[in-house]
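A short write-up of the structure that comes next.
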Amino acid sequence: MDNRETGTFKVKAGLAQMLKGGVIMDVTTPEQAKIAEDAGACAVMALERVPADIRAAGGVARMADPGIVEKIKAAVSIPVMAKARIGHFVEAKILEAIGADYIDESEVLTPADDRYHIDKRDFKIPFVCGCRNLGEALRRIGEGAAMIRTKGEPGTGNVVEAVRHCRQVLDQIRELRAIPEDEVSNFAKEHGAPLELCREVRKEGKLPVVNFAAGGIATPADAAMMMHLGLDGVFVGSGIFKSGDPAKRARAIVQAVTNYNDYDLLARISKDLGEAMVGINISSIPQEERMQERGW
Amino acid sequence: MTPLIGVLALQGAFREHIDAFKRLGVGTREIRALRDIAGIDALAIPGGESTTIGKLLTDTGLMPATREKIASGLPVFGTCAGMILLCEEIEDSSQPRLGSLKAKVRRNAFGSQVDSFEENLLIPELGDPPFPAVFIRAPFITGIGDEARVLATVNKDGENYIAAVRQDNILTTAFHPELTADDRFHKYFLKMIGNSAKRTT
């Protein structure tokens with residue numbers, strides 16, 4: 001008992017390890033959270049609005065009302081995550097105070113700091129952060145993130161950006177593996193990544209924390225593809241509750257992540273899912289409205 | 001001959017169990033579908049989300065088949081979510097389960113993630129040093145029959161609860177030996193498998 005230690009990096013990164021092979025679903029009400037849990041979600045992300053609606057509404061998007069997060073927490077037994085704005089350490093402290101299980105320092109919300117991310121080591125609650133490349137991933141881990149996800153382009157139902165970000169990270173890990181040891185310091189400089197973490201990735205051949213897909217996943221096939229690309233699990237934001245039959249689609253995506261190699265099963269569960277969310281082509285979104293550009 | 005260990009790979013930290021068994025030189029097979037379960041000598045059920053794994057056990061048809069194999073003596077090692085799925089009674093929950101162990105378990109027994117912790121546990125059966133136990137949104141057992149062998153307890157608000165227990169062919173821990181480099185629980189399980197193989201041959 002006297003040697004008990006809470007808030008260690010091991011327990012923070014460990015919870016992410018327990019989420020592997022699972023689907024984390026965006027929900028905005030306790031009822032949706034129940035649907036997600038019953039469908040087999042391994043966690044839910046409690047929000048006031050899903051990314052597609054945030055995108056449509058415009059204006060400033062902030063942390064959800066803590067009351068909504070608490071109600072969702074009371075409705076389910078699985079972990080409940082919540083989003084704080086990039087750099088908004090007080091929103092994060094509030095989410096920690098109400099006992100959320102994980103914080104997503106998220107580009108889906110409007111950044112609160114245009115230079116600095118939250119110092120995530122200063123919390124007992126773990127953080128997940130988005131990335132587009134290895135340098136960004138390692139900067140976030142250096143700041144204390146215990147889990148990483150691709151940024152993708154949230155609220156679009158278009159998987160192309162998540163695929164790009166995933167492949168980018170993997171390409172750069174391969175590049176890092178291939179260079180001689182005395183060039184690692186220059187690699188760290190060029191990618192804006194902490195040198196020690198670059199050395200670790202070079203040695204292990206993978207990120208030191210769990211890495212999920214996020215940003216544009218809308219179908220079981222999308223989810224299975226991200227697992228094939230080597231990611232550990234999947235966030236589905238607007239893709240479920242903006243579709244025609246959320247419960248059925250949620251169940252299908254859960255099965256797709258477990259059985260990403262079983263194409264007969266994928267064919268079966270992809271049938272009659274009702275309408276998918278409306279998709280948006282990335283080229284039609286002006287640069288300054290792309291959420292993935294947020295974060296430094 | 002070394003045993004073939006099935007590792008339930010529906011969701012959660014199954015890779016970490018596979019790595020631990022690999023370090024000990026034992027072969028493993030990922031169990032994702034009914035066809036994978038034939039011919040295994042033992043089963044590990046990893047940490048993860050017990051509701052998710054329970055749902056997938058049901059959807060895949062693995063639930064009754066696995067339950068039957070455990071009932072007929074298949075050695076099984078469940079950690080965290082694995083402990084929950086193995087227990088017959090889950091406090092305040094009707095979620096799907098294997099229910100092989102006559103015990104009552106409490107989910108998220110310590111609270112939210114901020115209450116997750118590491119603690120070195122004294123486990124007489126494993127000897128020195130204390131075991132580095134990682135509790136993540138962990139359960140504990142609140143009730144079990146006298147015939148069970150309690151291996152470790154954990155304290156909450158001055159009360160001791162069961163954190164690791166062995167009964168017949170079932171070994172289960174509320175914490176995650178698969179997240180540490182200490183393989184003593186995995187070795188202990190291999191010994192259980194060896195003994196049960198000797199009995200059946």
Side-chain angles (χ1 to χ4, degrees), chain A residues 1-24 36-44 73 76-81 95-103 123-126 146 210 232-233 251-252 254-255 257-262 264-265 269, chain B residues 9-16 30 32-33 35 46-60 79-81 84 90 92-93 95-96 107-108 110-122 130 132-138 153-156 158 160 175-176 178-180:
Chain A
M1 186 71 187
D2 39 345
N3 67 52
R4 184 171 294 188
E5 217 183 330
T6 57
T8 61
F9 191 74
K10 184 118 198 159
V11 300
K12 290 176 174 178
L15 177 55
Q17 286 172 275
M18 297 310 137
L19 299 173
K20 284 192 298 181
V23 182
I24 301 167
E37 182 177 47
D38 291 343
C42 67
V44 291
K73 212 175 142 47
V76 294
S77 62
I78 56 180
V80 175
M81 300 184 163
L95 292 173
E96 182 177 57
I98 62 172
D101 294 298
Y102 235 97
I103 294 175
F123 288 77
K124 287 209 159 177
I125 184 173
V210 166
D232 295 312
R251 270 200 311 276
V254 168
Q255 287 188 293
V257 166
T258 299
N259 302 288
Y260 60 91
N261 267 321
D262 185 339
D264 292 330
L265 184 134
I269 60 176
Chain B
L10 297 174
Q11 191 270 325
F14 51 87
R15 169 56 48 192
E16 287 78 351
E30 292 184 12
R32 291 171 192 269
R35 59 175 177 270
E49 269 310 308
S50 62
T51 50
T52 304
I53 299 172
K55 166 114 190 78
L56 289 164
L57 277 169
T58 308
D59 289 352
T60 51
T79 59
C80 195
I84 295 165
I90 306 172
D92 306 318
S93 174
Q95 67 189 80
R107 289 185 61 197
N108 301 331
F110 298 90
S112 302
Q113 170 61 13
V114 287
D115 305 301
S116 293
F117 60 94
E118 294 181 64
E119 181 171 329
N120 293 319
L121 290 183
L122 289 168
V134 185
F135 290 82
I136 297 174
R137 286 172 46 90
T153 60
V154 62
N155 194 281
K156 164 129 195 274
N160 281 330
F175 48 90
H176 294 281
E178 74 276 19
L179 292 190
T180 66

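Since the model is a prediction, treat every value here as computed from it, not as a measurement. Each chain gets a letter, A, B and so on, in the order its sequence line appears, and its residues count up from 1. What's counted below: heavy atoms across the whole structure, side chains too, no hydrogens, waters or symmetry copies.
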Got a second to check how far B/Leu56's CG is from A/Thr258's OG1, nearest 0.5 Å? 4.5 Å
Side chain from CB out, backbone as N, CA, C, O: work out which of these in A/Asp38 comes under 4.5 Å of a heavy atom of chain B, or both, or neither. backbone
Side-chain donor/acceptor of B/Asp59 to backbone N/O of A/Gln255, under 3.5 Å: no
Out of B/Cys80, B/Ala13, B/Gly54, which one racks up the most heavy-atom pairs below 4.5 Å with chain A? B/Ala13
Under 4.5 Å between any side-chain heavy atoms of B/Glu49 and A/Pro79, yes or no? yes
Salt-bridge test for A/Asp262 and B/Arg35: reply yes if a basic N is under 4.0 Å from a carboxylate O, no otherwise. yes
Contact check, side chains of B/Phe117 and A/Lys10, non-hydrogen atoms, under 4.5 Å: no
From CD (B/Gln113) to CD1 (A/Ile103), nearest 0.5 Å: 11.0 Å
CG of B/Leu179 to CD of A/Gln17, rounded to nearest 0.5 Å, is 5.0 Å
Tell me if a side-chain donor or acceptor on A/Thr6 pairs with a main-chain N or O of B/Asp115 at a distance below 3.5 Å. no
Does one side chain, of A/Lys73 or B/Ser112, offer a donor that lies under 3.5 Å from an acceptor on the other? yes
Short N-O contact, B/Glu16 and A/Lys20, less than 4.0 angstrom: yes
Say you draw a straight line from CE of A/Met18 to OG1 of B/Thr79; how long is it, rounded to the nearest 0.5 Å? 6.5 Å
Distance, nearest 0.5 Å, that separates CG of A/Asp101 from CZ of B/Arg137: 4.5 Å
Does B/Asn155 offer a backbone N or O that forms a donor-acceptor pair with the side chain of A/Arg4 under 3.5 Å? yes
Just how far is it from atom CZ of A/Phe9 to atom CD of B/Glu118, taken to the nearest 0.5 Å? 11.5 Å
Ignoring hydrogens and geometry, is there a side-chain-to-backbone donor-acceptor pair from A/Asn3 to B/Asn120 under 3.5 Å? yes
Under 4.5 Å from any heavy atom of chain B - which part of A/Ala39: backbone
